[in-house]
> 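Below is the structure I would like to discuss, written out as structure tokens.
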Amino acid sequence: MNYWLVKSEPEAFSWDQFVQDGKAMWDGVRNYQARNHLKAMRTGDLVMFYHSVSEKAVRGVGQITREFYPDPTVNDERWVAVDLKPVYRLKNPVSLATIKQDERLSGTALIRQSRLSVMPLTPDEFNRMLELGEAVEL
DNA sequence: GCCAACGTTGGC
DNA sequence: GCCAACGTTGGC
């Protein structure tokens with residue numbers, strides 16, 4: 001089992017929309033490093049859903065339901081998409097400020113590499129976010 | 001192969 | 001709204 005974090009601007013695709021839809025296709029990634037992380041995702045992996053820019057907080061957790069396939073939104077075989085479904089919401093969204101301050105979270109790729117939109121998390125980082133966020137099943 | 005110019009992301 | 005970081009493009 002691997003753990004990940006993906007970013008979305010809530011104005012483009014929000015956590016609430018994700019929950020309402022009950023699923024999402026994660027497409028549109030146009031960065032090789034992020035793409036490589038998408039390709040490494042396996043069915044069952046858990047993914048923190050982070051709202052960037054206007055909110056800057058982790059809102060919940062998704063789970064991979066379909067491993068990578070060609071991104072249908074572009075005619076270019078380099079780019080891929082995965083599918084996921086919402087599994088936990090965070091009662092207490094974990095803010096970027098909190099992540100920066102927390103001893104166990106301050107080393108995450110989210111801080112070190114602020115422009116990367118798909119990144120791995122260690123099990124410890126993932127569990128810490130679940131704990132701080134007071135995760136509840138959907 | 002280098003690097004300047006430029007575009008995008010995302011925090012502040 | 002600004003700007004730092006950084007990825008990409010294209011001229012040489």
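Basis for what follows: all heavy atoms, side chains included, without hydrogens, waters or symmetry-related copies. Here is the naming used below: chain letters follow the sequence lines, and residue numbers restart at 1 for every chain.
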> I want to verify a distance call: between dG7(C), dG10(B), dT8(C), whose nearest atom is closest to the Tyr32(A) side chain?
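Shortest atom-to-atom distance from the side chain points to dT8(C).
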
> Tell me what Lys56(A) touches on the nucleic acid: a base, only sugar-phosphate, or nothing, going by heavy atoms under 4.0 Å.
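Since a base atom lies under 4.0 Å of Lys56(A), the category is base.
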
> Round to a whole Å and report the spacing from CH2 of Trp79(A) to C1' of dG7(C).
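Atom CH2 in Trp79(A) sits about 10 Å away from atom C1' in dG7(C).
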
> Can you check side-chain contact (heavy atoms from CB on, under 4.5 Å) on Leu84(A) and Phe18(A), steps first, answer last?
CA-CA 9 Å; Leu84(A) 59 165; Phe18(A) 181 39; 3.8 Å; yes

> Can a side chain N or O of Lys7(A) be found less than 4.0 Å away from OP1 or OP2 on dG10(B)?
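Result: yes.
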
> Without decimals, in angstroms, what is the distance between Asn36(A) CG and dG7(C) P?
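Atom-to-atom, Asn36(A) to dG7(C), this comes out as 13 Å.
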
> Could you tell me how far apart Ile111(A) (CD1) and dA4(C) (P) are, to the nearest whole angstrom?
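About 19 Å, once rounded to whole Å.
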
> Could you tell me the separation between the CZ atom of Arg30(A) and the C1' atom of dT8(C), rounded to a whole number of Å?
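Checked: the CZ to C1' distance equals 15 Å.
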
> I'd like to know whether the aromatic ring centres of Phe49(A) and Trp4(A) sit less than 6.0 Å apart in this structure.
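Between Phe49(A) and Trp4(A), the centre distance exceeds or equals 6.0 Å.
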
> What is the distance from CG of Asn31(A) to P of dG7(C), rounded to the nearest Å?
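That distance rounds to 7 Å.
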
> Do Glu125(A) and Arg104(A) meet the salt-bridge criterion of a basic N to acidic O distance under 4.0 Å?
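Between Glu125(A) and Arg104(A) there is no salt bridge, as every charged N stays at least 4.0 Å from the carboxylate O atoms.
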
> Which hydrophobic side chains are connected to Val58(A), either touching it within the sub-4.5 Å cutoff or through other members that do?
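For the cluster that includes Val58(A), the remaining residues are Met1(A), Tyr3(A), Leu5(A), Leu46(A), Met48(A), Tyr50(A), Val61(A), Val87(A), Tyr88(A), Leu90(A), Val94(A), Leu96(A), Ile99(A), Leu105(A), Leu110(A), Ile111(A), Leu116(A), Met119(A), Leu121(A), Phe126(A), Met129(A), Leu130(A), Leu132(A).
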
> Can you measure Arg112(A) atom CZ to dT9(B) atom P for me and round it to whole angstrom units?
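From Arg112(A) CZ to dT9(B) P: 21 Å.
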
> What nucleotide among dG7(C), dG11(B), dC6(C) has an atom nearest to a side-chain atom of Leu96(A)?
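The nucleotide sitting nearest to the side chain is dG11(B).
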
> Grab the CD-P distance between Gln33(A) and dT8(B) for me, whole Å please.
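Taking CD of Gln33(A) and P of dT8(B), I get 20 Å after rounding.
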
> Heavy atoms from C-beta onward define the side chain here; which of dG7(C), dG11(B), dC12(B) lies closest to that of Gln113(A)?
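Among the listed nucleotides, the one closest to the side chain of Gln113(A) is dG7(C).
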
> Checking the side chain of Gln63(A) only, and the main-chain atoms of Gly44(A) only, is there a donor and an acceptor separated by less than 3.5 Å?
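It does hold such a pair.
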
> Specify the separation, in whole Å, of atom CG of Leu5(A) and atom P of dG10(B).
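Leu5(A) atom CG is separated from dG10(B) atom P by 11 Å.
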
> Is there a side-chain contact between Tyr50(A) and the phosphate of dT9(B), meaning an N or O under 4.0 Å from OP1 or OP2?
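Answer no for this pair, as no side-chain N or O of Tyr50(A) is under 4.0 Å from OP1 or OP2.
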
